[in-house]
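In this text, all values refer to a predicted model and were calculated from it rather than measured experimentally. Counting convention: from 1, in listed order, for ligands and their atoms alike. Residue numbers count from 1 along this sequence.
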Amino acid sequence: MEYDLVFLNGRVINPETNFDAIRSIGIIDGTIASISENILKGKIELDISNLIICPGFIDVHSHAHTDEYYKLKCQDGVTSVFELEIGTNDIDQWYAERESKTLINYGVAIGHIPARMKVFNHPPAFVPQSDSPAALQTDKIDQIKKEIEYGLRRGAMAVGFGIHYVSGATRWEIVECFRLAKKYNVCCHVHMRYFGAQEKNGSLAALQEVLALGACTRAAINVCHLHSTCLSVTDKALELLHDARKNGMDITTEFYPYMAGCSDINSALFNDDLWQEQLGISYDSLTYVNTGERLDAISFAKYRKEGGLILINSVPEQAVIDCLQSPITLMGSDALRGHPRAAGACARVLGHYVRERGIITLMEAIRKMSLLPAQILESASSQMKTRGRICEGATADLCIFDPMTIKDCATYEQPKLPSQGIIHVLVNGRFVVRDGKLVIMDKNTKPPGQAIRGVIRD
Ligand SMILES: [Zn+2]
């Protein structure tokens, strides 16, 4: 038997079965055909002694869906990347823009925020302006529902929410949208209504809204970036989530391995004059990405009129550690221009938190970046059932890295530096990173990334 491609003597880590042993892997037609203790024969054979071979990483939370960021993702070991929080209001167009053009697999949610922006005629934007009708108005629920249902019928992978950005969205509006997610059997990815550790209008009150929605509608839920929303009460939020799961709720949560959040200065997050108290910070904890300057009351007011991204230095490291150590968290990078999480999140987990600090095991880290994200997407698309694991019959989306050298290089000053120590990355059986270098495809070669999309209903 001759395989298309054989990796010899790699340390295979498969979180689905807790398998961790030296094996050789044979690939045919983009699929793992054999995992063997014996030496396999291939048209291409690569010895990967001393390297780890694991499922390619799956990032459910990225806002950076351009060629430039797909390349950085490849170099961070990611083989499938999704926009499931903000999402889009045009599923067909979003997929059409990427068809046959991407190095890695991609997918998107129908977004509650973009649906609102469409219904209230907001100009194209990441999130609505803080004082716009799309953020503040409370009517037009039926039209918003219609947009969301249409997106679900066009194969959306989830329903995305950023409730904090649209305070006009009533609790009832959110109930109705969760019901739609349940009807089409996809997960709700939720950036919650409030942030911070305060009792009144804080993150625990927001989490209780989400938990009630899950209990009543039975929709599956993934709570976005728990650490940057809950800050010093992240441990309490995790306790509630663990209890909810124990009591049968289909709920997970997500974090990224950094202590600064990132968002638009012009968004509704800062509408409430209480944001400093809620986040436990002041202006000088905000960095304006375009200029790199730390803000004060005057520059904050000026840039709030102009718009633009800011880094919010608010997250205690214990919140990141609590998330790393919870069995129900997955790593979602929340990739956004101007923040190192867009380029280095996976390598940072493996280099900094696994190797250097020993906060979690390699197996757990890999599970959070492959199997768990695949599992929450399986009900939306069967394409995820063969991803996020290494077994015979699985899609050959693979990451091969050196556990001794893997390292994130991106910083707040230089957020686009690619990670190091990722040696080979395969997407659908084809190399996108080989021998530590991005594979350059010539113009006539169709890159290997595929659309990951739900069922299309006419
Ligand atoms: Zn968010």
Side-chain angles (χ1 to χ4, degrees), residues 59-65 69 81-89 108-117 125-130 134-135 157-167 169 174 177 187-196 201-203 205-207 209-210 213 221-231 233-234 237 241 251-272 275 278-279 281 286 289 307-315 319-320 323 329-342 345 373 376:
D59 186 355
V60 299
H61 192 151
S62 167
H63 307 298
H65 284 262
Y69 284 98
V81 65
F82 296 86
E83 160 61 278
L84 302 182
E85 181 206 46
I86 301 298
T88 179
N89 61 28
V108 73
I110 180 72
H112 172 250
I113 289 181
R116 271 189 147 257
M117 290 200 283
F126 175 49
V127 290
Q129 249 172 287
S130 56
M157 287 295 291
V159 181
F161 295 88
I163 310 173
H164 205 163
Y165 293 103
V166 288
S167 58
I174 307 297
C177 297
C187 185
C188 297
H189 288 244
V190 188
H191 172 138
M192 299 191 293
R193 191 177 290 276
Y194 309 121
F195 54 28
N201 295 351
S203 58
L207 182 57
E209 177 186 16
V210 172
L213 286 161
I221 299 166
N222 179 58
V223 178
C224 296
H225 43 59
L226 195 75
H227 66 313
S228 68
T229 295
C230 297
L231 308 177
V233 292
T234 298
L241 288 164
I251 194 160
T252 53
T253 186
E254 183 203 286
F255 72 100
Y256 49 85
Y258 296 87
M259 288 168 286
C262 186
S263 195
D264 198 319
I265 191 171
N266 194 18
S267 74
L269 299 191
F270 302 99
N271 274 15
D272 192 339
W275 65 264
Q278 286 168 331
L279 291 174
I281 57 170
L286 305 178
V289 167
L309 294 173
I310 43 167
L311 298 168
I312 310 160
N313 299 283
S314 58
V315 185
V320 175
C323 285
T329 59
L330 39 117
M331 204 289 281
S333 74
D334 202 356
L336 199 57
R337 180 181 68 80
H339 193 300
R341 68 196 189 194
I376 67 168

(request) Go through the side-chain N and O atoms of N201 and Q278 and say whether any donor and acceptor fall under 3.5 Å apart. (result) no

(request) Have a look at E85 and say which of its N, O or S atoms is nearest the Zn ion (ligand 1). (result) OE2

(message) Between H227 and Y256 (judged by ring centroids, cut-off 6.0 Å), do the two rings come close enough to count as a pair?
(response) yes

(message) Please tell me whether H65 and E83 have a donor and an acceptor in their side chains that are separated by less than 3.5 angstrom.
(response) no

(message) Taking backbone and side chain together, does H191 place any N/O/S atom at a distance below 2.8 Å from the Zn ion (ligand 1)?
(response) yes

(message) Whether the H189 and H61 side chains hold a donor-acceptor pair (N or O, under 3.5 Å, no angle test) is what I'd like checked.
(response) no

(message) Is H61 close enough to the Zn ion (ligand 1) that one of its N, O or S atoms comes in under 2.8 Å?
(response) no

